[in-house]
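Here the structure is laid out as structure tokens; the discussion comes afterwards.
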Protein chains: 2
Amino acid sequence: MLYLIGLGLSYESDITVRGLEVVKKCKRVYLEAYTSILMAADKESLEKFYGREVILADRELVETGSDEILADAQTEDIAFLVVGDPFGATTHTDLIIRARELKIKVEAIHNASVMNAVGACGLQLYQFGQTVSLVFFTDSWKPDSFYNKVMENRKIGLHTLLLLDIKVKEQSIENMARGRLIYEPPRYMDIATACQQLLEIEDLRQEQAYTPNTPCVAVSRLGSPSQTFKAGTLKELSEYDSGEPLHSLVMLGRQVHDLELEYLYQYVDDQEKFRKFVEEDQEFFKPPPYVPPEENMSDDE
Amino acid sequence: MLYLIGLGLSYESDITVRGLEVVKKCKRVYLEAYTSILMAADKESLEKFYGREVILADRELVETGSDEILADAQTEDIAFLVVGDPFGATTHTDLIIRARELKIKVEAIHNASVMNAVGACGLQLYQFGQTVSLVFFTDSWKPDSFYNKVMENRKIGLHTLLLLDIKVKEQSIENMARGRLIYEPPRYMDIATACQQLLEIEDLRQEQAYTPNTPCVAVSRLGSPSQTFKAGTLKELSEYDSGEPLHSLVMLGRQVHDLELEYLYQYVDDQEKFRKFVEEDQEFFKPPPYVPPEENMSDDE
């Protein structure tokens with residue numbers, strides 16, 4: 001049996017009781033260690049907490065060495081630990097499909113991930129549209145596919161969760177070219193960088209998917225002892241010192257409720273000013289453009 | 001301190017290790033018992049698992065008796081247990097705001113909820129739009145606010161998670177009128193009812209937010225020992241026997257990926273037929289209508 005076990009967000013003890021029981025009985029325990037990190041724990045503290053060895057699984061092992069992970073899983077129990085939930089933003093569908101091909105049973109033990117725990121900021125989860133990812137820009141590579149998605153969400157009044165880039169065990173272009181297995185120090189995108197990149201793309205595109213005054217919520221170290229929320233405009237947060245990783249950003253949609261707003265006030269510098277920015281931002285995409293279905297579409301088309 | 005503790009989806013042991021530690025040390029432990037249920041546990045089995053008394057908190061206690069829940073929480077630890085995550089589809093913002101007014105510290109211990117665990121069906125979480133709720137229709141009351149939201153999601157190609165109604169401790173209109181505290185047996189909407197209601201509204205509205213042939217995934221008893229997925233068209237699933245509760249439904253958006261589709265094939269009766277329905281459904285809202293922002297909108301407006 002292959003067990004996919006979510007570790008939650010921060011502490012060793014964020015694993016579920018059932019997850020821990022399974023970890024203790026498995027023959028091998030892998031920790032997926034390239035799409036996220038557990039903020040208040042590491043391999044050593046996990047090994048101590050579990051009372052057993054944990055094998056780090058980097059991208060290479062998961063993507064090209066899945067048969068190594070799955071070896072003997074027809075008859076033995078293997079655990080694959082994932083920060084957050086096993087079916088979070090990054091899914092491991094490939095591994096599961098491969099397991100099924102090999103006639104290995106798969107069971108998931110779920111846990112919190114940023115995708116649902118972000119509700120802790122006070123914005124209602126059912127008011128979120130599609131989730132987008134923001135990757136580190138380079139001088140020559142500034143992918144902006146998030147821009148249309150944010151626009152789509154905001155057109156229908158929804159909030160957007162933006163997941164910020166994490167670079168773990170990446171090689172420099174020079175080291176890669178020379179085939180040297182030297183890895184750069186890990187990098188985690190902070191709130192200021194995310195907001196600056198958003199503003200840079202708005203400056204280029206000028207389609208007003210959002211403006212420098214669009215209200216956002218900085219979500220820092222969600223679920224950890226030092227969890228912090230900060231609400232402000234994109235411009236304000238582009239100068240915000242968000243501290244240690246991990247961070248996510250939420251951009252508000254027009255349909256923000258009074259109760260959501262009241263909840264956010266505890267995270268703003270100036271309540272009146274923030275309300276004013278929210279009200280100004282609500283003028284965009286108002287009313288939500290309604291496009292009736294085209295007349296030539298029908299069931300039997 | 002007020003601890004809001006997520007219980008996850010099914011088993012007693014789906015609580016996190018940290019959550020369990022907190023439950024054991026709290027002076028009083030409330031279980032929110034009206035928005036969802038834990039599928040493989042009840043009050044008695046939880047009390048046995050925790051080794052302590054659990055107080056059931058019905059809607060009345062939470063909404064009008066929050067000061068009773070919060071009594072002494074300035075100096076004592078109180079636990080408020082919520083099925084799923086404390087910030088799931090139903091949030092307890094009122095309770096938290098009231099706690100803050102009373103100068104009571106609040107900490108959340110997160111867990112999986114349907115909002116993130118639904119990824120287990122094989123559809124990518126970041127491809128989901130806003131979540132909608134479907135309530136039981138009566139002869140005179142058929143609320144259809146979900147319809148526009150499903151339409152909005154599908155216009156931009158996104159999947160929709162539909163949460164299905166749960167009625168716990170509800171009075172009949174007659175008993176309510178006569179002031180008799182007699183409650184109806186709990187009711188949980190099943191997949192067939194949900195699909196029939198969806199088809200009924202499409203029949204009335206005729207705006208083709210979806211059609212009888214739109215592909216959906218029935219999500220039954222997510223995270224429980226008898227978890228089941230079934231993929232088919234709305235029409236097919238309107239005759240599907242989904243078994244014991246709880247259920248949710250996912251309606252596919254146009255942007256379904258091949259990998260998602262491949263994953264869904266294990267849940268369909270006829271792979272070729274299902275693919276054909278997916279491809280036909282993709283003709284709707286294609287290409288996603290792009291409406292540029294109005295020209296008279298600007299930052300300083």
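Values below: every heavy atom of this structure, side chains too, minus hydrogens, waters and symmetry copies. The model shown is predicted, which means the values in this text are computed figures rather than measured ones. Lettering follows sequence order; numbering is per chain, from 1.
Considering only residues two or more places apart in sequence or on other chains, Glu279(A) meets the side chain to side chain donor-acceptor pair (under 3.5 Å) condition with Arg275(A). Residues that satisfy the side chain to side chain contact (heavy atoms under 4.5 Å, CB included) test with Leu20(B), not counting sequence neighbours, are Val17(A), Ile15(B), Lys24(B), Phe49(B), Tyr50(B).
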Working for side-chain contact (heavy atoms from CB on, under 4.5 Å), residues Leu125(B) and Phe87(A): CA-CA 8 Å; Leu125(B) 277 189; Phe87(A) 298 95; 5.6 Å; no
Stepwise side-chain contact (heavy atoms from CB on, under 4.5 Å) check, Asp94(A) with Leu259(B): CA-CA 9 Å; Asp94(A) 284 331; Leu259(B) 201 61; 4.0 Å; yes
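Contacts of Glu260(A) with chain B are absent, with no heavy-atom separation under 4.5 Å from either backbone or side chain. Residue Ile96(A) touches chain B through its side chain alone, counting heavy-atom pairs closer than 4.5 Å. If you measure heavy-atom distances from Gln127(A) to chain B, you find no contacts under 4.5 Å at all. Residue Tyr11(A) touches chain B through its side chain alone, counting heavy-atom pairs closer than 4.5 Å. Looking at Ala108(A), there are no atoms closer than 4.5 Å to chain B (heavy atoms on both sides), in backbone or side chain. Proximity to chain B is absent for every atom of Glu12(A), based on heavy atoms less than 4.5 angstrom apart. Contact of Leu9(A) with chain B is made through the side chain alone, with heavy-atom distances under 4.5 Å.
By the 4.5 Å heavy-atom criterion applied to side chains, Thr93(B) and Gln124(A) are counted as neighbours.
Residues Asn116(B) and Ser113(A) share a closest heavy-atom pair of ND2-OG, 3.0 Å. Nearest heavy-atom pair across Ile156(B) and Gln130(A) is CD1-NE2, 4.0 Å.
When each of Val132(B), Leu4(B), Asn153(B), Asn111(B) is checked for heavy-atom pairs under 4.5 Å with chain A, Asn111(B) comes out on top. Ranked by heavy-atom pairs under 4.5 Å with chain A, the first of Gly129(B), Ala117(B), Gly223(B), Ala209(B) is Ala117(B).
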